[in-house]
Trainee: 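Shown below is the structure under consideration.
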Amino acid sequence: MPVLYRKYRPQVFAEVVGQGPIITTLQNQIIAGQVAHAYLFIGSRGIGKTSVARILAKAVNCQSVNQPISKSANQQLGDACGECEICKAIENNNFIDLIEIDAASNTGVDNIRELIDHVRFAPAKAKYKVFIIDEVHMLSKGAFNALLKTLEEPPAHAIFILATTEIGKVPVTIISRTQRFDFKRVSYELVEKHLTYVLSKENLVVPREAIKLIAVNSEGGLRDALSLLDKVLTLGNNSEISDILRLIGVTDIAQLEQFMELIVQNKVSELPKFLGSLSEQGADFTVFNKDFLEYLRKLLVLKVSFNIAIAGLLEEQLEKAQKFAELLSEAQLINYIRLFLRSLKEQAIAPATDLPVLLAGVESALKKNDTKIYPDQPKSNLKEFQVLSKPVVSVSLIERTTDLSKIDVTLEKQIEGNLSKAEIESKWPIVCEKLKNINGPLANLLRLCVVDRVSLGKITIGVKYKFHKQNLDNAKNQEVISKVLFEVYGQNFAIRSDVIMGLE
């Protein structure tokens, strides 16, 4: 059986996944007969640059490109038919008017001069002679200079398509003479959907968890995703998730959660034993370090955005992740990320790759209660924040009061409003919309909450999770919300929050 990424390589524009705006633009150019003389395709590996270049070469030369009815079920206007002599020749890699060059192995000026000699001659069969230069950033300075003049004044029958993964190495003079298209990484959802489609076409079954793992670890590259799927299929139908994880070189999420649990619970004495057990299982500690950093990133995103989808967490990972997010502050998570980023660099010079991971783990556990992001940042004064979070209170009023409970009562009387819960709820969407322009994540959080009670100048918000309450109780967030409430309702309100179990 041919490898999947070759078998399912797109042959027409309609089959390209995740690059909609680019495909639409190219099709419109072909329909209008306004094809550019040079294109520059930019993007990471395996997302379709070379495939689209070949499809474009077919489309500009296809004998029935703009005919509305074709033998091909996928054909659209501006797309190649896939059935004519030219389309078949390009698919079989034996079309004389399509010249492909790998710049990584043809970097010199002589290679480009040879290509330029080909440009002068008219195409043998097609309307256009198409030149695809892959990894164009690998060309030497002399080769770029030799190519420059031809790109500036090419013959009417020539089209250049340059592809690169490193746009920073391509001279500006080259970029300015091309039409630039930036290819995006394919979303996890589209990768997962495409893998499911391929499996259905092949009549194969793979666990849904495995498809998700492949989608996440493909890093937005369909070619990599199909290559990983090929590897997983070699395990057979009765493969375990643990086997799949080892095969594709990914750390088991349970191991990452266990390591995080030891750090959060300050179980420093158990860290060497845990890492030792990983070593006995043949773990690659560089991979483990990278995967743990990715897990920390997800926790931080969950903590600050309150959005599970953005964090990229799977359903089965959610319960543990929410627990860690509740226990740790943003500052602590940032500290952990800095420590493990440092350990990743140190692994290159360490005598054993598990040593930097052990050091970072122990230091993280010992510093669990350290909320400083930078060493010279002073610790927060919690009492001061609690006072500052009260809306619009005079200093003299606080100075005259020695009993804290009296201060709180006095504040509530000072800010007491006379709006009902129904009146508050009716304008709550306006509050969220205004807050969105100031603090987007905070606005998203308020949309997930409900107005529970309104009394004595206080609006009590019902939240689903403890870490949502922690964010709402943050002094800076309180200040921002209070200002927006005053703009919308014309009265000063204090915000309080309660965790309500079962809230949806």
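Position 1 is the first residue of the sequence, and the numbers go up from there. Source: prediction; values computed, not measured.
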Trainee: If the test is side-chain contact (heavy atoms from CB on, under 4.5 Å), which one of Leu26, Val186, Val52 qualifies with Val16?
Mentor: Val52
Trainee: Would you say the side chain of Pro21 lies within less than 4.5 Å of the side chain of Phe181, judging by non-hydrogen atoms?
Mentor: no
Trainee: Give me the ring orientation class for Phe259 and Phe274: parallel if the planes are under 30° apart, tilted from 30 to 60°, perpendicular past 60°.
Mentor: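 Rings of Phe259 and Phe274: parallel, as their planes differ by under 30°.
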Trainee: Can we say Glu294 and Arg297 salt-bridge, meaning some charged N sits less than 4.0 Å from an Asp/Glu carboxylate O?
Mentor: yes
Trainee: Using side-chain contact (heavy atoms from CB on, under 4.5 Å) as the criterion, point out the one residue from Ile23, Ile30, Thr25 that pairs with Gln27.
Mentor: Ile23
Trainee: Please determine if Arg453 and Asp498 form a salt bridge, counting it only when a charged side-chain N lies under 4.0 Å from a carboxylate O.
Mentor: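 Looking at Asp498 together with Arg453, the answer is yes, because their closest N to O distance falls below 4.0 Å.
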Trainee: Is the shortest heavy-atom distance from the side chain of Pro356 to the side chain of Phe285 under 4.5 Å?
Mentor: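 The answer is no, as the side chains (C-beta and beyond) never meet within the 4.5 Å cut-off.
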Trainee: Sequence neighbours left out, what passes side-chain contact (heavy atoms from CB on, under 4.5 Å) with Arg342? Give chain and number order.
Mentor: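 If we apply the side-chain contact (heavy atoms from CB on, under 4.5 Å) test to Arg342, skipping adjacent residues, the hits are Leu339, Glu346, Glu363.
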Trainee: Looking at every heavy atom in both Ala365 and Val268, which two are closest together, and how far apart are they?
Mentor: CB-CG2, 3.7 Å
Trainee: Only one of Ile481, Asp452, Leu472 passes side-chain contact (heavy atoms from CB on, under 4.5 Å) with Ile461; say which it is.
Mentor: Leu472
Trainee: Does some side-chain heavy atom of Thr164 sit less than 4.5 Å from a side-chain heavy atom of Lys49?
Mentor: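 Counting from C-beta outward, Lys49 and Thr164 never come under 4.5 Å.
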Trainee: Under a 4.5 Å cut-off applied to non-hydrogen side-chain atoms, are Trp428 and Glu423 in contact?
Mentor: no
Trainee: Check whether the ring centres of Phe292 and Tyr336 lie less than 6.0 Å apart, and answer yes or no.
Mentor: no
Trainee: Can you tell which of Val357, Leu341, Asp284 makes a side-chain contact (heavy atoms from CB on, under 4.5 Å) with Asn289?
Mentor: Val357
Trainee: Should the pair Arg9-Glu15 be classified as a salt bridge under the 4.0 Å nitrogen-to-oxygen rule?
Mentor: no
Trainee: Using the rule side-chain contact (heavy atoms from CB on, under 4.5 Å), only one of Ile161, Ile167, Ile133, Ile174 pairs with Leu40; which is it?
Mentor: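 Exactly one option meets the side-chain contact (heavy atoms from CB on, under 4.5 Å) with Leu40, and it is Ile167.
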Trainee: Going by an N to O cut-off under 4.0 Å, is there a salt bridge joining Arg180 and Asp182?
Mentor: yes
Trainee: Please name the pair of heavy atoms, one in Leu4 and one in Asp230, separated by the smallest distance, quoted to 0.1 Å.
Mentor: N-OD2, 2.8 Å
Trainee: If you apply the rule side chain to side chain contact (heavy atoms under 4.5 Å, CB included), what do you find for Leu296 with Leu300, and how did you get there?
Mentor: CA-CA 6 Å; Leu296 289 173; Leu300 182 62; over 6 Å; no
Trainee: In plain terms, say whether Glu261 and Lys323 are close enough for a salt bridge, that is, a side-chain N and a carboxylate O under 4.0 Å apart.
Mentor: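 Between Lys323 and Glu261 there is a salt bridge, with a charged N closer than 4.0 Å to a carboxylate O.
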Trainee: Please evaluate residues Thr353 and Phe288 with respect to the criterion side chain to side chain contact (heavy atoms under 4.5 Å, CB included), reporting the C-alpha separation (whole Å), side-chain torsions for both, the decisive distance (0.1 Å), and the verdict.
Mentor: CA-CA 10 Å; Thr353 54; Phe288 179 84; over 6 Å; no
Trainee: Has Lys421 got more than 12 heavy atoms of other residues, nucleotides or ligands less than 6.0 Å from its NZ?
Mentor: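 Yes, NZ of Lys421 has more than 12 neighbouring heavy atoms, counting only those of other groups under 6.0 Å.
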Trainee: So how far is it from Lys193 NZ to Ser187 OG, rounded to the nearest 0.5 Å?
Mentor: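 Rounded to the nearest 0.5 Å, the NZ-OG separation comes out at 10.0 Å.
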Trainee: Would you give the length of the straight line joining atom OG of Ser497 to atom CD of Gln470, rounded to the nearest 0.5 angstrom?
Mentor: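 If we round to the nearest 0.5 Å, Ser497:OG and Gln470:CD are 9.5 Å apart.
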Trainee: Quick check: do Leu229 and Leu199 have side-chain heavy atoms less than 4.5 Å from each other?
Mentor: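 When only atoms from C-beta onward are counted, Leu199 and Leu229 do touch, with a gap below 4.5 Å.
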Trainee: Is a side-chain donor or acceptor of Gln347 paired with a backbone partner of Asp354 at a separation under 3.5 angstrom?
Mentor: no
Trainee: On a heavy-atom basis, which atom in Ile263 and which in Gly361 lie closest, and how many Å separate them?
Mentor: CG1-O, 3.9 Å
Trainee: Whether Lys427 and Glu433 form a salt bridge (side-chain N of Lys/Arg under 4.0 Å from carboxylate O of Asp/Glu) is what I want to check.
Mentor: no
Trainee: Could you check, using the six-membered ring where one of them is a Trp, whether Phe160 and Tyr39 have ring centers closer than 6.0 angstrom?
Mentor: no
Trainee: Can you tell me how far apart CD1 (Ile211) and CG (Leu195) are? Round to the nearest 0.5 Å.
Mentor: 6.5 Å
Trainee: Say whether, by atom type as modelled, one donor and one acceptor occur between the side chain of Tyr188 and the main chain of Gly220 under 3.5 angstrom.
Mentor: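 Not a single qualifying donor-acceptor pair exists.
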Trainee: Atom CD in Gln179, atom CG in Leu162: separation rounded to 0.5 Å?
Mentor: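 One finds 12.0 Å between CD of Gln179 and CG of Leu162.
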Trainee: Within the distance-only criterion (no hydrogens, no angle test), does the side chain of Lys436 pair as donor or acceptor with the backbone N or O of Val431 below 3.5 angstrom?
Mentor: no
Trainee: Does the side chain of Glu202 come under 3.5 Å of the side chain of Tyr8 through a donor N or O and an acceptor N or O?
Mentor: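 Judged by distance alone, the side chains do pair up.
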Trainee: Please answer whether the main-chain N or O of Gly48 pairs with a side-chain N or O of Ser51 as donor and acceptor at a distance below 3.5 Å.
Mentor: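 No, Ser51 side chain to Gly48 backbone: no donor-acceptor pair under 3.5 Å.
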Trainee: Taking the side chain as every heavy atom from C-beta outward, state whether Lys303 and Lys298 have any atom pair closer than 4.5 Å.
Mentor: no
Trainee: Does any non-hydrogen side-chain atom of Gln11 lie less than 4.5 Å from one of Ile55?
Mentor: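 Contact flag for Ile55/Gln11 side chains = no.
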Trainee: Run the numbers on Asn471 and Glu330 for side chain to side chain contact (heavy atoms under 4.5 Å, CB included), then give the verdict.
Mentor: CA-CA 10 Å; Asn471 277 278; Glu330 293 92 336; 3.1 Å; yes
Trainee: Atom CZ of Arg223 and atom OG1 of Thr50: how far apart are they, to the nearest 0.5 Å?
Mentor: 7.5 Å
Trainee: Measure across Lys434 and Val484 and return the closest heavy-atom pair with its distance rounded to 0.1 Å.
Mentor: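 Result for this residue pair: CB-CG1, 3.9 Å.
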Trainee: Could you state the interatomic distance from CD (Glu479) to CD1 (Ile495), rounded to the nearest 0.5 Å?
Mentor: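 One finds 14.0 Å between CD of Glu479 and CD1 of Ile495.
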Trainee: Please confirm whether the backbone N or O of His137 pairs with a side-chain atom of Lys169, one donor and one acceptor, at under 3.5 Å?
Mentor: no
Trainee: Do Glu270 and Gln265 pass the side chain to side chain donor-acceptor pair (under 3.5 Å) test, and can you show the C-alpha distance, the side-chain angles, and the key distance before you say yes or no?
Mentor: CA-CA 11 Å; Glu270 296 184 26; Gln265 295 181 3; over 6 Å; no
Trainee: Less than 4.5 Å apart, side chain to side chain, heavy atoms only: is that true for Ser44 and Ile47?
Mentor: yes
Trainee: Ala225 and Ile214: which non-hydrogen atoms are nearest, and at how many Å?
Mentor: O-CG2, 3.4 Å
Trainee: Check the side chains of Gln322 and Glu326 for a donor-acceptor pair under 3.5 angstrom, ignoring hydrogens and angles.
Mentor: no
Trainee: Mind running side chain to side chain contact (heavy atoms under 4.5 Å, CB included) on Phe324 and Val264 for me, showing each step along the way?
Mentor: CA-CA 8 Å; Phe324 294 138; Val264 169; 4.0 Å; yes
Trainee: Please report the shortest heavy-atom distance between Gly18 and Leu190, naming the atom on each side.
Mentor: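 Looking at all heavy atoms of both residues, the closest pair is CA-CD1, 3.9 Å.
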